[in-house]
Amino acid sequence: MALTLSMTDADPLSGIQARIGQALRPMPGETLCGDQLGWWTRPDGWRVALADGLGHGAEAHVAAATAMRQLATDDEIPLAELFARCDRALIDTRGVALSVIDIRPAESVIVQAGVGNIRTLLIQAQGTKRLGGARGIVGAGFDGLRPERLPIAAGDWLLLFSDGLPENAGLVEMLHEEAPSDQLAERLLTRWAGSHDDAGLLLYRHG
């Protein structure tokens, strides 16, 4: 089984749990998944993240799981410092590609930062925006990290997925009006995940 790290709200149905769908799948033939994801409650909202350890197998899993543990201990610091701490924590691992999004419901905004090739999409009524990422590897140095602050409205979706799913996967077209759930994430992963790598997908729909 793949490991998913998460923390729930005291009242999950009024918080993020009812708005999340998540799925992980190790590369066929492996028992450990080198993609890992998590979500946490913060004082101003929630944080969601997806990490893709370089390669696959046990060492990729260690790198991605280490990133998730580091994120869980640093839930109130700005994203730029968070990525710097993750970089230091992962220095003796393979390193990861990483995307982290802070969701701030009271402000109706998100703040996102990424390094590497995690695909991060903000899907809104007016269209779909791919959020940017810096070059490099968390754990081996990166350059050009620029957190983005963007508005988010009720009904908008956030999708984070690793390169175990193709760039042109038709994930957006399969969302329709369905509520986010682990079952929906599993269906999307089953439909689109390739056989050459681990795969991870996190869905969030803003309420």
Side-chain angles (χ1 to χ4, degrees), residues 1-10 12 15-17 19-27 30-104 110-120 131 133-134 136-142 145 147 158-164 182 185-186 189 197-204:
M1 295 292 291
L3 173 66
T4 301
L5 300 178
S6 64
M7 296 178 63
T8 60
D9 299 280
I16 192 175
Q17 188 172 6
R19 306 175 188 184
I20 284 282
Q22 54 191 353
L24 295 171
R25 191 221 62 189
M27 190 179 86
E30 298 285 357
T31 57
L32 294 173
C33 186
D35 293 352
Q36 293 292 294
L37 53 82
W39 47 270
W40 303 269
T41 299
R42 291 167 37 85
D44 60 353
W46 308 296
R47 172 170 288 163
V48 299
L50 176 63
D52 179 356
L54 268 66
H56 53 82
E59 291 186 30
H61 173 83
V62 167
T66 300
M68 291 297 108
R69 286 193 294 270
Q70 185 67 32
L71 293 175
T73 64
D74 291 331
D75 65 341
E76 296 187 36
I77 65 173
L79 290 183
E81 175 59 23
L82 180 69
F83 272 74
R85 292 187 187 186
C86 283
D87 193 52
R88 293 192 293 270
L90 292 171
I91 197 167
D92 292 323
T93 73
R94 284 188 178 182
V96 301
L98 178 65
S99 179
V100 183
I101 303 176
D102 288 344
I103 303 163
R104 301 176 180 175
I110 61 170
V111 182
Q112 182 269 348
V115 173
N117 60 354
I118 300 292
R119 280 78 167 194
T120 305
L131 307 187
I137 301 167
V138 180
F142 53 86
L145 186 75
L158 288 167
L159 271 63
L160 290 76
F161 58 101
S162 70
D163 63 354
D182 293 353
E186 289 282 359
L189 206 66
D197 202 354
D198 307 303
L201 170 65
L202 188 149
L203 313 171
Y204 167 84

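- Between C33 and A199, the closest heavy-atom pair is SG-O, 4.2 Å.
- A185 approaches G21 most closely through the heavy-atom pair CB-C, 3.8 Å.
- Evaluated for a side chain to side chain contact (heavy atoms under 4.5 Å, CB included) with W39, the options I101, L50, I20 yield exactly one hit, I20.
- At least one side-chain heavy atom of V111 sits under 4.5 Å from a side-chain heavy atom of P147.
- For S162 against D35, the heavy-atom pair with the smallest separation is OG-OD2, 2.5 Å.
- The aromatic rings of F142 and F83 lie perpendicular to each other, with more than 60° between the two planes, well past the 30° mark.
- Salt bridge R42/D102: present, at least one basic N to carboxylate O contact under 4.0 Å.
- In terms of modelled atom types and a separation under 3.5 Å, the side chain of D87 and the main chain of V138 share no donor-acceptor contact.
- Counting only heavy atoms from C-beta outward, the side chains of L98 and M68 approach each other to under 4.5 Å.
- Here the shortest heavy-atom pairing between A64 and G53 reads CB-N, 4.0 Å.
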| task | In sequence, state the C-alpha distance, the side-chain angles, and the governing distance for F161 and I118, and then conclude on side chain to side chain contact (heavy atoms under 4.5 Å, CB included). | result | CA-CA 6 Å; F161 58 101; I118 300 292; over 6 Å; no
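- The backbone N or O of H56 lies less than 3.5 Å from a partner atom in the side chain of R94, making a donor-acceptor pair.
- Looking at heavy atoms from C-beta onward, I137 lies out of side-chain contact with V115 at the 4.5 angstrom threshold.
- The number of heavy atoms from other shown groups lying within 6.0 Å of CD (E30) is above 12.
- Looking only at side-chain heavy atoms (C-beta outward), I103 and L158 come within less than 4.5 Å of each other.
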| message | The test is side chain to side chain contact (heavy atoms under 4.5 Å, CB included); show your working for D163 and R119 and say whether it passes. | response | CA-CA 7 Å; D163 63 354; R119 280 78 167 194; 2.6 Å; yes
| message | Working note: D198 + L32, criterion side chain to side chain contact (heavy atoms under 4.5 Å, CB included); need CA distance, chi angles, decisive distance, verdict. | response | CA-CA 9 Å; D198 307 303; L32 294 173; over 6 Å; no
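- Shortest non-hydrogen contact noted between L24 and G200 is CD2-CA, 3.7 Å.
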